[in-house]
Amino acid sequence: MPSSQVVRGRGATATLQKSAVIVDRDHVRTTIPFEVIQETRVGGRRARTVEIVLTDGMTHELRANNATSATAFAAAINAGLPAELDPRGSGLVRTKRLRAPEAPPLFTDWRIPSAILCGAVAYCGYLIYLGVAHSSVLIIGAVVGLFPLILGSVSTFLSVKHLCDKVVLRRRGVTVEALSTHKLHGRSEYRFIDGEGNKRTFKSALNTGRLEVTYDPRNSKRMAASISLSLLLAVPVTVLKLAVALGLVAVGVVAAFSPVIP
């Protein structure tokens, strides 16, 4: 059995299985059995192109990220070829159209919608309390003040998290090259394999074929585009965002809770 390897090239991925090579390209999966592979060689510029030559002369090409992976992939295929080959070649190659990836769900953790629901119920109880214990006019201020309060709180959290992520990634981040697989709602999804061999995805508004992504080995969810890791402007920009966000929080607190603030 050949070494189980995965090679990701521009717009395509090749995977070695027990008795076939699987090539995924443009949502089409091509299965090439070993018995129809005459040889596999490396060519092209900088020796990064894997050329799979079939017994009928047809050739399937895949451009790897580097020459080392291309050479190792070709060697693994050649090591697994059987002694007797089938001359039918392309006649035994199978193709299958893959379904486009679906958009991820809005919430992947039940705790988030539960917390939002509990907060909404509690605030509705607060509005009822204002109308009964004080005046119904105060309900308007509490409702209006809710918007800057939520906006400021979310902005504060995101600004602090964004800066913390940059600091952590600058200290212990690992940079890899990720490949764009498809676009969804104006954002590109990039895929790469980390140092442990795990498949990872990264979404960005940067629409390029390749993108250098820095990830945190200790936290699978913390990653960023390498070009966005500069701290020279990140700190003052974050301070400015925090000032605006905290100002919104203060306005929201005064508008919503002034009747009960001593």
Side-chain angles (χ1 to χ4, degrees), residues 1-104 174-184 188-203 209-213 215 217 220 223:
M1 181 177 178
S3 171
S4 179
Q5 296 187 33
V6 177
V7 169
R8 294 185 179 274
R10 181 174 298 174
T13 301
T15 306
L16 281 187
Q17 293 190 348
K18 184 176 182 180
S19 59
V21 180
I22 308 297
V23 180
D24 292 337
R25 191 195 313 267
D26 298 329
H27 304 305
V28 175
R29 172 163 293 175
T30 302
T31 303
I32 308 174
F34 280 171
E35 59 264 26
V36 302
I37 299 178
Q38 183 70 41
E39 65 170 333
T40 305
R41 60 197 181 203
V42 178
R45 184 182 179 184
R46 298 180 182 178
R48 294 192 304 176
T49 301
V50 178
E51 301 175 352
I52 303 176
V53 183
L54 306 187
T55 52
D56 62 352
M58 293 294 294
T59 302
H60 293 262
E61 295 185 353
L62 173 72
R63 187 177 180 183
N65 290 332
N66 57 71
T68 301
S69 62
T71 302
F73 191 76
I77 295 178
N78 290 329
L81 297 182
E84 296 184 4
L85 301 179
D86 195 315
R88 287 178 290 179
S90 301
L92 296 183
V93 175
R94 303 185 302 274
T95 59
K96 175 183 178 183
R97 178 161 293 277
L98 303 176
R99 294 179 57 185
E102 300 179 353
V174 177
T175 301
V176 297
E177 189 177 61
L179 301 180
S180 176
T181 55
H182 68 281
K183 291 178 62 177
L184 182 65
S188 294
E189 181 178 278
Y190 298 86
R191 295 183 180 180
F192 64 93
I193 298 178
D194 60 18
E196 290 73 33
N198 301 315
K199 296 180 180 180
R200 305 273 288 273
T201 59
F202 173 73
K203 295 182 180 179
R210 298 170 181 265
L211 182 67
E212 288 189 356
V213 177
Y215 70 93
S220 60
M223 61 186 76

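On a predicted model such as this, the values are computed, not experimentally measured, just so you know.
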Apply side chain to side chain contact (heavy atoms under 4.5 Å, CB included) to the pair H60 and V23, showing each step before the final yes or no. CA-CA 9 Å; H60 293 262; V23 180; 5.8 Å; no
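- To the nearest 0.5 Å, atom CD of residue E61 and atom CZ of residue R41 are 8.5 Å apart.
- Here R210 pairs with R10, N65, E177, L179 under the side chain to side chain contact (heavy atoms under 4.5 Å, CB included) rule; sequence neighbours left out.
- In this structure, the side chain of D86 does not engage the main chain of V36 through any donor-acceptor pair within 3.5 Å.
- Between the side chain of D56 and the main chain of S90, a donor-acceptor pair closer than 3.5 Å is present.
- Remark: T201 pairs with E189, R191 by the side chain to side chain contact (heavy atoms under 4.5 Å, CB included) rule, at least two apart or across chains.
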Start with the C-alpha gap between V21 and L16, add the side-chain angles, then the distance that decides, and say whether side chain to side chain contact (heavy atoms under 4.5 Å, CB included) holds. CA-CA 5 Å; V21 180; L16 281 187; 3.6 Å; yes
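- Rounding to the nearest 0.5 Å gives a distance of 13.0 Å between CZ of R88 and CG of L54.
- T59 contributes no side-chain N or O that, together with a main-chain N or O of V53, makes up a donor-acceptor pair within less than 3.5 Å.
- The shortest heavy-atom contact between S69 and A64 is OG-CB, 3.6 Å.
- The aromatic ring centres of F192 and Y215 sit less than 6.0 Å apart.
- Looking at F34 and L85, their side chains never come closer than 4.5 Å, going by heavy atoms from C-beta outward.
- Across every non-hydrogen atom of L81 and Q38, the tightest pair is CD1-O, 3.9 Å.
- Annotation for N198: atom CG counts as buried by contact number, over 12 foreign heavy atoms lying within 6.0 Å.
- Shown here for S19 and E35, the closest heavy-atom pair between the two residues is O-OE1, 4.4 Å.
- V93 pairs with exactly one of I52, I32, I37 by the side chain to side chain contact (heavy atoms under 4.5 Å, CB included) rule, that one being I32.
- For the side chain to side chain contact (heavy atoms under 4.5 Å, CB included) criterion with F73, the lone passing option out of V7, T15, V6, V42 is V7.
- To the nearest 0.5 Å, atoms CZ (R29) and OG1 (T95) are separated by 12.0 Å.
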